[in-house]
Amino acid sequence: YTIFGTGPFPLPKGRTERISMAELHSYDNLAGLQSSEHSAPALFQKKQIVQGIYESDYRFAQPPRLPTLRAIPGDGQVTLIWDDVADKFTREPLLKGKNDFEGYKLYKATDKHFLDAEQITDMYGNIIEKKPIFQCDLKDGKVGAASFAQFNGISFYLGDDSGIQHYYVDRNVENGRTYYYGLAAYDYGIEGKVVNIMPSENNLVVALDEQENVRYTGRNVQIVVPKQKAAGYVSPSIEILDNESS
């Protein structure tokens, strides 16, 4: 349920009042909530983030440009390729237009909501992040955990300077089974003297109708079914003939 409250304030004729509202959700230990301290650390952490956004006039960091993912099904494998829009054209308003792109994370699931990819928990045991099957990042010295900005004990993993690539072949698949792949470009966050901002990544959008059928997906999401080649299929080939007369 939703709780919304405000106090009395004057509203003379012709005057406009603007109201800011934040809706917060968290999983906290029931024993802590029922104690005299009303302990809700996960909720209070989210409140601090929202308060910071409000006090900075709703200016907050943006994730990189959204990449376009393509999936090519094969026999016992799926080949995934994507463009370099995020690499080249990302610009961060809070860094005066600097390109703060850092890398890619590729997620895989057999569930439309990517639930089986959600495997990373915070220090309170709440599922908070997806685990990628593949990650690559720039060779720029930004490696390991971004410990300057944590959320409930979780640090964003920036990579290990593996270098950027725009393809991945997934051979851990079963023919005839439906797989959902999502590609997220991420940045390296902001480590500053006044405020630290955790790295951010693209969302994975899969919209469903009332019958749980997929209506549409974001361009960084692909749905694919690997399968065997048809019986008698012959791969295309090219033969160059020498037509010179003897």
task = For the pair Asp75 and Lys227, find out whether any cationic side-chain nitrogen is under 4.0 Å from an anionic carboxylate oxygen.
result =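 No, this pair does not count.
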Taking all non-hydrogen atoms of both residues into account, name the closest pair between [X] and [Y] and its distance.
X: Thr79; Y: Val169; result: OG1-CG2, 4.1 Å
X: Gln62; Y: Asp187; result: O-OD2, 3.2 Å
X: Tyr167; Y: Gln165; result: O-NE2, 2.7 Å
X: Val224; Y: Ala71; result: CB-CB, 4.2 Å
X: Pro73; Y: Pro226; result: CB-CA, 4.1 Å
X: Asn99; Y: Asp87; result: ND2-O, 2.8 Å

message = For Glu92 and Thr90: C-alpha separation, side-chain torsions, deciding distance, then whether side-chain contact (heavy atoms from CB on, under 4.5 Å) applies.
response = CA-CA 7 Å; Glu92 174 52 63; Thr90 290; 5.8 Å; no
[X] side, atom [atom1]; [Y] side, atom [atom2] - distance, nearest 0.5 Å:
X: Asp83; Y: Arg219; atom1: CG; atom2: CZ; result: 8.0 Å
X: Asp116; Y: Asp111; atom1: CG; atom2: CG; result: 5.5 Å
X: Glu201; Y: Leu183; atom1: CD; atom2: CG; result: 10.0 Å
X: Asn220; Y: Arg65; atom1: CG; atom2: CZ; result: 13.0 Å
X: Ile164; Y: Lys139; atom1: CD1; atom2: NZ; result: 10.5 Å

Within the structure provided, determine whether [X] and [Y] are in side-chain contact (heavy-atom separation under 4.5 Å).
X: Asp140; Y: Asp161; value: yes
X: His113; Y: Glu212; value: yes
X: Asp137; Y: Ser162; value: yes
X: Gln222; Y: Tyr180; value: no
X: Lys108; Y: Asp170; value: yes
X: Leu158; Y: Val143; value: no
X: Tyr186; Y: Ser200; value: no
X: Ile120; Y: Lys130; value: no

Lys NZ or Arg CZ of Lys105 over Phe156 ring: under 6.0 Å, within 45° =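 Verdict for Phe156: a cation-pi partner in Lys105.
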request  = Please confirm whether Phe89 and Phe101 have ring centers closer than 6.0 angstrom.
outcome  =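 So the answer is no for these two rings.
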In terms of hydrophobic clustering (I, L, V, M, F, W, Y; side-chain heavy atoms under 4.5 Å; direct or indirect links), are [X] and [Y] co-clustered?
X: Leu208; Y: Ile223; value: yes
X: Leu95; Y: Met198; value: yes
X: Tyr157; Y: Leu204; value: no
X: Ile133; Y: Leu80; value: yes
X: Tyr107; Y: Val173; value: no

inquiry  = Atom CG of residue position Asn172 - does it have more than 12 heavy atoms of other residues, nucleotides or ligands inside 6.0 Å?
reply    =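 No, because the 6.0 Å sphere around CG of Asn172 holds 12 heavy atoms or fewer from other groups.
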inquiry  = Using side-chain contact (heavy atoms from CB on, under 4.5 Å), reason through Thr121 and Ile128 one step at a time and then give a plain yes or no.
reply    = CA-CA 5 Å; Thr121 61; Ile128 194 171; 5.8 Å; no
request  = Go through Arg91 and Lys98 one step at a time and tell me if the side-chain contact (heavy atoms from CB on, under 4.5 Å) criterion holds.
outcome  = CA-CA 5 Å; Arg91 298 292 182 270; Lys98 183 178 180 180; over 6 Å; no
If we ignore hydrogens and angles and just use 3.5 Å, is the side chain of [X] paired with the main-chain N or O of [Y] as donor and acceptor?
X: Asn203; Y: Val205; result: no
X: Asp122; Y: Ile154; result: no
X: Asn175; Y: Gly76; result: yes

ask   = What residue among Tyr168, Tyr181, Trp82 forms ring pair (Phe, Tyr, Trp, His ring centres under 6.0 Å) with Tyr104?
value =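 When Tyr168, Tyr181, Trp82 are each tested with Tyr104, the ring pair (Phe, Tyr, Trp, His ring centres under 6.0 Å) holds only for Trp82.
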Test side-chain contact (heavy atoms from CB on, under 4.5 Å) applied to Val206 and Val214, step by step = CA-CA 7 Å; Val206 180; Val214 177; 4.1 Å; yes
